Amino acid sequence: MEPSIATSIGQIQLDKPVMLASGILGISLDVFNRLYASGAGAVVTKSLSTAPWEGYPNPTIFSVKGGGWINAVGLSNPGASNFAKMIEPNQDVPIIVSLVGSVPEDFETMIKEFENCKIKAYELNLSCPHVAKVGLEVGDDPGLVKTIVSTVKKATNVPVIAKVGLGTSNYLNTVSNAVDSGIDAITAINTVRAMAINVETKRPILSNKFGGLSGTPIKPIALRCVYEISSKFDIPIIGCGGVSTWEDAVEFFLAGASAVQLGSAIGDNWVGVFDDINRGILEYMKKNNYSTIKDMVGLAKKS
Amino acid sequence: MQRNHNHPTIVTIEKVIDETPTVRTLVFSDDVMPNVLPGQFAMVWIPGVNELPMSIMISKESGKAAFTVRKHGPSSTGLFNVPVGGQIGIRGPYGNSFDIKEGKLLLVGGGTGLVPMMRLLTFVKPTDDITVLMGAKSKDEVFFEDLSNELLKNNPHQVIVSTDDGSYGEKGFVTDLVEKLVNDTHYDAVYVCGPEIMMYKTVQFANSRKIFVQASLERMMKCGVGICGSCCVGEDLVCKDGTVFDGEHLSKNSEFGHLHRNKAGILENY
Ligand SMILES: Cc1cc2nc3c(=O)[nH]c(=O)nc-3n(C[C@H](O)[C@H](O)[C@H](O)COP(=O)(O)OP(=O)(O)OC[C@H]3O[C@@H](n4cnc5c(N)ncnc54)[C@H](O)[C@@H]3O)c2cc1C
Ligand SMILES: Cc1cc2nc3c(=O)[nH]c(=O)nc-3n(C[C@H](O)[C@H](O)[C@H](O)COP(=O)(O)O)c2cc1C
Ligand code: FES
């Protein structure tokens with residue numbers, strides 16, 4: 001029998017295991033449709049806030065020599081309410097709505113906006129490394145993580161994912177607090193705080209000075225995090241960070257992830273990257289006689 | 001080491017040409033930018049100010065390229081004010097380019113939308129019959145008329161200027177002239193770059209007469225490489241799928257000519 005690349009992350013069922021990561025190409029339903037048609041298993045929206053945000057001035061992105069990007073887009077987004085109206089007509093695309101806020105009430109308010117939208121899950125951004133008062137600053141506060149996750153879990157029946165990253169405190173504590181408060185899955189990791197300086201103008205390049213590093217340079221770090229989380233917790237994991245080939249995706253499955261997300265690879269390989277990776281995973285499964293993605297998940301921990 | 005086109009290269013402004021009271025051309029030396037295709041753009045870093053998408057302008061001197069900028073808000077004014085000797089960062093080139101057809105061609109440019117048209121003129125064959133139609137608000141704001149005539153000196157050609165207030169050339173909007181021209185003459189191709197309403201009407205006129213037409217679109221750009229999503233028009237990403245789109249494709253895009261996104265990504269009417 002032909003193997004199946006369908007996967008499940010707890011209650012979340014997907015036909016394909018490679019999703020679009022949050023913040024990439026994510027402000028138009030037409031674009032979501034296109035990415036879904038290009039082979040994305042799901043699309044995660046830009047992180048949405050209660051009010052619209054313009055983000056930082058340019059330069060907001062920098063390409064690292066040898067691979068990878070540093071971005072400080074500053075979570076620019078049209079706000080949850082405007083965004084919810086845009087995706088209301090959606091029927092087909094598995095959409096995961098990413099939310100960012102500073103207090104539990106922010107998340108409650110935003111979830112009300114999406115009541116009429118057909119969505120697969122919420123992803124809580126507890127890990128943006130370059131915007132004050134949200135993201136990592138929330139993820140680094142154990143009490144806040146607990147109250148936000150339990151508030152969100154009470155406010156919706158849709159599965160809730162927490163996206164964690166590397167802040168000042170041990171990210172495993174954030175995972176632990178989220179798991180204790182009833183989170184359904186974990187996405188690991190977000191970008192890693194970084195910077196770039198131009199030697200001729202002798203200035204930081206990004207207008208915000210600091211940004212988040214993504215792409216191939218962070219893959220080994222992300223892989224380590226997925227392996228650590230899956231070793232310590234019984235929770236479904238989505239691997240994110242530097243996925244650009246089918247081998248990268250399989251590495252994350254072997255480390256314990258049930259699905260992966262990618263963003264930066266789109267900047268290098270454009271939207272064909274989803275189908276390329278799906279095809280490679282399928283070939284690998286055939287060669288190894290795996291019938292489902294689950295057959296691979298966490299195998300590296302057994303050896 | 002080989003140049004990474006996504007990495008900003010620092011160049012020094014060597015010459016500043018005042019085209020009109022509000023438009024300037026800044027000339028610099030570079031290995032890559034003088035040889036790009038018409039329609040391609042660069043992301044231009046003005047240190048301490050911003051980074052903006054700019055079409056890449058031709059220069060008369062070999063090994064040199066330029067940007068022609070209109071001072072508008074703080075960012076473009078920042079670029080406008082870069083002096084000779086000032087440094088800017090450039091990355092790119094990005095985007096696709098116009099399909100260069102042969103025969104009787106109509107090029108329509110409004111304001112700094114003329115920049116890609118000037119580069120397109122350097123690609124035409126001596127046998128092509130070219131009409132350049134340029135629009136400006138008033139006599140003061142007309143530029144590139146002499147340059148167009150010079151670039152076309154070996155071609156059968158005409159350069160038509162229209163001003164909104166009639167202070168120079170034909171009076172009225174460029175689009176009225178486009179309608180008249182495509183009704184009276186058969187063109188093998190129409191190319192347009194300028195304000196979106198002008199492009200929208202030009203594409204409509206050409207489409208209705210089944211003439212091949214391409215437009216080079218502008219949208220808010222942050223990354224230029226197809227990651228951030230800020231430049232989307234419907235399902236198309238201007239930085240990656242464009243900037244140049246066929247008229248037929250655009251006729252199916254419900255946002256073109258009607259809606260664009262602001263810095264937060266909220267759709268706004270034109
Ligand atoms: C492909 C392309 C080619 C262009 N070529 C030219 C050209 O040759 N000459 C020319 O004068 N203009 C060109 N523009 C327009 C130019 O990029 C600016 O939009 C314009 O100069 C207005 O800037 P501003 O001073 O009003 O910005 P501001 O008033 O300073 O606006 C503030 C903010 O808006 C941002 N912003 C405004 N417009 C844009 C945009 N389109 N993309 C990204 N950020 C934007 C700035 O980064 C800044 O954050 C081009 C635009 C595109 C997309
Ligand atoms: C331009 C850009 C914008 C991003 N915006 C967000 C965001 O809004 N929310 C979020 O949780 N992560 C955001 N991220 C992080 C990505 O979702 C992802 O975690 C990270 O890029 C690592 O994956 P990659 O190496 O495949 O790009 C952004 C990344 C980039 C490059
Ligand atoms: S400018 Fe970022 S996707 Fe086009």
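In what follows, every chain begins at residue 1, and chains take the letters A, B, ... in the order their sequences are listed. No hydrogens, no waters, no symmetry mates; every other heavy atom, side chains included, goes into these values. Every value quoted in this text rests on a predicted model; they were computed, and no experiment measured them.
- Remark: of the listed residues B:Thr22, B:Thr20, B:Thr77, B:Thr22 is the sole one forming a side chain to side chain donor-acceptor pair (under 3.5 Å) with B:Arg70.
- Using a 4.5 Å cut-off between heavy atoms, B:Ile46 makes no contact with chain A at all.
- Chain B forms the most heavy-atom pairs under 4.5 Å with one residue out of A:Asp30, A:Leu25, A:Asn58, and that residue is A:Asn58.
- Contact annotation for B:Asn262: neither backbone nor side-chain heavy atoms come within less than 4.5 Å of a heavy atom of chain A.
- Looking only at heavy-atom pairs under 4.5 Å with chain B, the residue among A:Asn77, A:Asn71, A:Val64 that has the most is A:Asn77.
- Residues B:Ile13 and B:Ile88 are in side-chain contact: their nearest non-hydrogen atoms beyond the backbone lie under 4.5 Å apart.
- Interface remark: of the candidates A:Ser76, A:Gly23, A:Ser28, A:Pro57, A:Ser28 forms the most heavy-atom pairs closer than 4.5 Å to chain B.
- Between A:Lys133 and A:Asp106 there is no salt bridge, since no side-chain N of the basic residue sits under 4.0 Å from a carboxylate O of the acidic one.
- By number of non-hydrogen pairs under 4.5 angstrom with chain B, the leading residue of A:Leu35, A:Ile27, A:Ile24 is A:Ile27.
- When heavy atoms are compared at a cutoff of 4.5 Å, A:Ser207 does not approach chain B at all.
- Contacts between B:Met43 and chain A at a heavy-atom distance below 4.5 Å involve the side chain alone, from C-beta outward.
- Contacts between A:Ile205 and chain B at a heavy-atom distance below 4.5 Å involve backbone atoms as well as side-chain atoms.
- Remark: the backbone N or O of A:Leu29 is paired with a side-chain donor or acceptor of A:Asn33 at under 3.5 angstrom.
- The pair B:Glu248-B:Lys210 does not count as a salt bridge, with every side-chain nitrogen at least 4.0 angstrom from each carboxylate oxygen.
- Results of the side chain to side chain donor-acceptor pair (under 3.5 Å) test with B:Glu255 over B:His260, B:Arg261, B:Arg219 single out B:Arg261 as the only residue that passes.
- The part of B:Asn4 that comes within reach of chain A is its side chain, from C-beta onward, which places non-hydrogen atoms under 4.5 angstrom from that chain.
- By the 4.0 Å N-to-carboxylate-O rule, B:Lys222 lies too far from B:Glu51 to be salt-bridged with it.
- At a 4.5 Å heavy-atom cutoff, the contact between A:Asn198 and chain B is made by side-chain atoms alone.
- Each of B:Pro47, B:Pro8, B:Gly265, B:Cys231 has some count of heavy-atom pairs under 4.5 Å with chain A, and the biggest count is that of B:Pro47.
- Judged by the 6.0 Å and 45° rule, B:Lys101 forms a cation-pi pair with B:Phe212.
- Note: B:Cys228 leads B:Cys228, B:Ser230, B:Gly89, B:Ser75 in heavy-atom pairs under 4.5 Å with chain A.
- Each of B:Met118, B:Arg24, B:Met57 was evaluated against B:Thr68; a single residue qualifies, B:Met57, per the side chain to side chain contact (heavy atoms under 4.5 Å, CB included) test.
- If you measure heavy-atom distances from B:Cys232 to chain A, the contacts under 4.5 Å come from the side chain alone.
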